Amino acid sequence: VCIFGQDNSAAKAAEQARAEEAARQGRIASGMERVNSVFSQFDDPYYDKVSATALDYYKPEVERQYTDARKALTFNLARSGNLSSTAGADAFRKLNDAKGRTDVDIANRAQGYGTDVRRTVEGQRNDVTQGLYATADPEAAYSSASTAARLAQAPPSYSPLGDLFSAFVASGANAIAAERAGYRGASTGLFNSSRGSSRVIA
Amino acid sequence: MCDPVSIGAGAALAGGTVMSGMGRNQANKAAGRAMSAEAGRQRGYRDAAAGAWNKGLDKIERPATEQGLKDAQSKRTGAFQKNVTNFSAIPADGRSNEPKVIADAYAGANKASTDYGLNYGARTGALEGYGDQLYGRSVDIGRTRQDIDQQGNYSRGSMSVLPVELEGASTKGSTLRSIGEIFQGLGNLGLMYAFTKAPTAAGPNITAAGVRNSAGTIPGIGSMRIG
């Protein structure tokens, strides 16, 4: 009788092992579905929103500094009598060029925040997936994925902007004033002043 | 040799041998089925992994790469240029009734600055587009690797069950083999008994106690009697 029993138990053990492996694979598949579901919120519109939020953080500060710089340059040029002059237009061009560059640079920085968040999310997703493969435990994977998702939704820390335009205000007005005074200044060539350190000796 | 014991023993031996063979055959077939099923599963995992790999590779082929780069550069450039100030739209501060040459100088400067910003945005976008495309490719490769890892995980898990299945297969037909072996043993015993019991005319008679001839003496030992 024992021999018949041995025959059945070995076959049953094999069937059970196969069934457990199939169940393990099923758990991984369902776990992956849950991971995909949790991470599906992190799509292109989400990262675009991160970038837009970063831009919203920087843009008002840039505009405030630009408005102040523009006013200061206007006053400086008016004080020196150069507001209505091509030299004044040139000074504004330099300030505006800097503003144009800054517009692009802050947009670039904002896009960088979107990319950084995406990099973090992808790393977390990879960790969660590897954990699922190792444990075949969808509940643990779901919990890790949810935690990772919450962490990824936390706002990134933004670096504040420094002083952006004051150099152009000072250099713009001062350079024109200096040129008017006979020095090299902004090299506009607009002021043909006899005042200077050089002197023509007859 | 034609007594019922010999015939029965011979039949038991033959039957036992056939049953043992059938039992072994069942075990071999079960092992073959297990290996064949596993080979099929492994083929499935391999195909799925190859499919994931090819899908991932399609995304890095030249046309897809070129298009992806264009898209990334275009998206970046659009995001940058959208943020560039149109300086011509900013009202002039503190200037009025100025000569046309001054107004033109300001208008030209504003346009130049706007164009400069847009151009700077396009150049920066073209440059940053490469980084975006490369990063997007890394993400795609990472996802492809995850899919392949999943199939590899299934493959290893399935393969680890095969030894258990082969162990189970090796016990298939064990009942037949055991019964056959019992019959073989009985047949052997029967034949041994029949050989022992069968009287011989002149030959030695093999017994458990030794070998003796019809006279009851061991040849070559003289008149020593045995038993």
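In what follows, chains are A, B, ... by sequence order, proteins preceding strands, each numbered from 1. Remember, it's a predicted structure, so these values are computed and weren't measured experimentally.
Of the two parts of A:E122, only the side chain, counted from C-beta on, holds a non-hydrogen atom closer than 4.5 Å to a non-hydrogen atom of chain B. Only the side chain of A:K59 comes within contact range of chain B, judged by heavy atoms closer than 4.5 Å. Heavy atoms of A:A78 lying under 4.5 Å from chain B are absent altogether. Contacts of B:Y154 with chain A are made by both backbone and side-chain atoms, with heavy-atom separations under 4.5 Å. Residue B:K75 touches chain A through its side chain alone, counting heavy-atom pairs closer than 4.5 Å. In this structure, no portion of B:R177 lies under 4.5 Å from any heavy atom of chain A. Contact of A:Q130 with chain B is made through the side chain alone, with heavy-atom distances under 4.5 Å. For chain A, the nearby parts of B:E165 are the backbone and the side chain; heavy atoms of each come within less than 4.5 Å.
At least one side-chain heavy atom of A:Q111 sits less than 4.5 Å from a side-chain heavy atom of B:F80. No side-chain heavy atom of A:E21 sits under 4.5 Å from any side-chain heavy atom of B:L162. With a 4.5 Å cut-off on side-chain heavy atoms, B:V164 and A:R18 do not count as touching. Inter-residue side-chain proximity for A:N126 and B:R145 is flagged as met; some heavy-atom pair is nearer than 4.5 Å.
Panel note: side chain B:Y135, backbone A:R119; a donor-acceptor pair is recorded below 3.5 Å. At distances below 3.5 Å, at least one donor-acceptor pair connects side-chain atoms of A:Y133 with backbone N or O atoms of B:Q146.
When every heavy atom of B:A79 is checked against every heavy atom of A:A107, the shortest pair comes out as O-CB, 4.1 Å. Listed here is the closest heavy atom pair of A:A10 and B:T171: CB-OG1, 3.4 Å. In this structure, B:A105 and A:T86 approach most closely via the heavy-atom pair CB-CG2, 3.5 Å. Across all non-hydrogen atoms, the minimal contact from B:I102 to A:S85 is CD1-CA, 3.4 Å.
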- Message: Working note: A:N96 + B:T85, criterion side chain to side chain contact (heavy atoms under 4.5 Å, CB included); need CA distance, chi angles, decisive distance, verdict.
- Response: CA-CA 9 Å; A:N96 290 343; B:T85 307; over 6 Å; no
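One finds no salt bridge joining A:R118 and B:D132 here, because no Lys/Arg side-chain nitrogen approaches an Asp/Glu carboxylate oxygen to under 4.0 Å.
Distance CD/A:Q25 to CD/B:Q151: 8.5 Å, rounded to 0.5 Å. Separating the CZ atom in B:R143 from the OG1 atom in A:T129 is a distance of 8.5 Å, to the nearest 0.5 Å. For the atom pair OH (A:Y66) and CD1 (B:I90), the distance works out to 4.0 Å, reported to the nearest 0.5 Å. Distance check: B:T124 OG1 to A:D105 CG gives 6.5 Å after rounding to the nearest 0.5 Å. Between the CG atom in A:D97 and the OH atom in B:Y120 there is a gap of 11.5 Å [rounded to 0.5 Å]. Taking CG of A:L132 as the start and CG of B:D149 as the end, the distance is 11.5 Å to the nearest 0.5 Å.
Residue-environment remark: CZ (A:F39) exceeds the threshold of 12 foreign heavy atoms within 6.0 Å.
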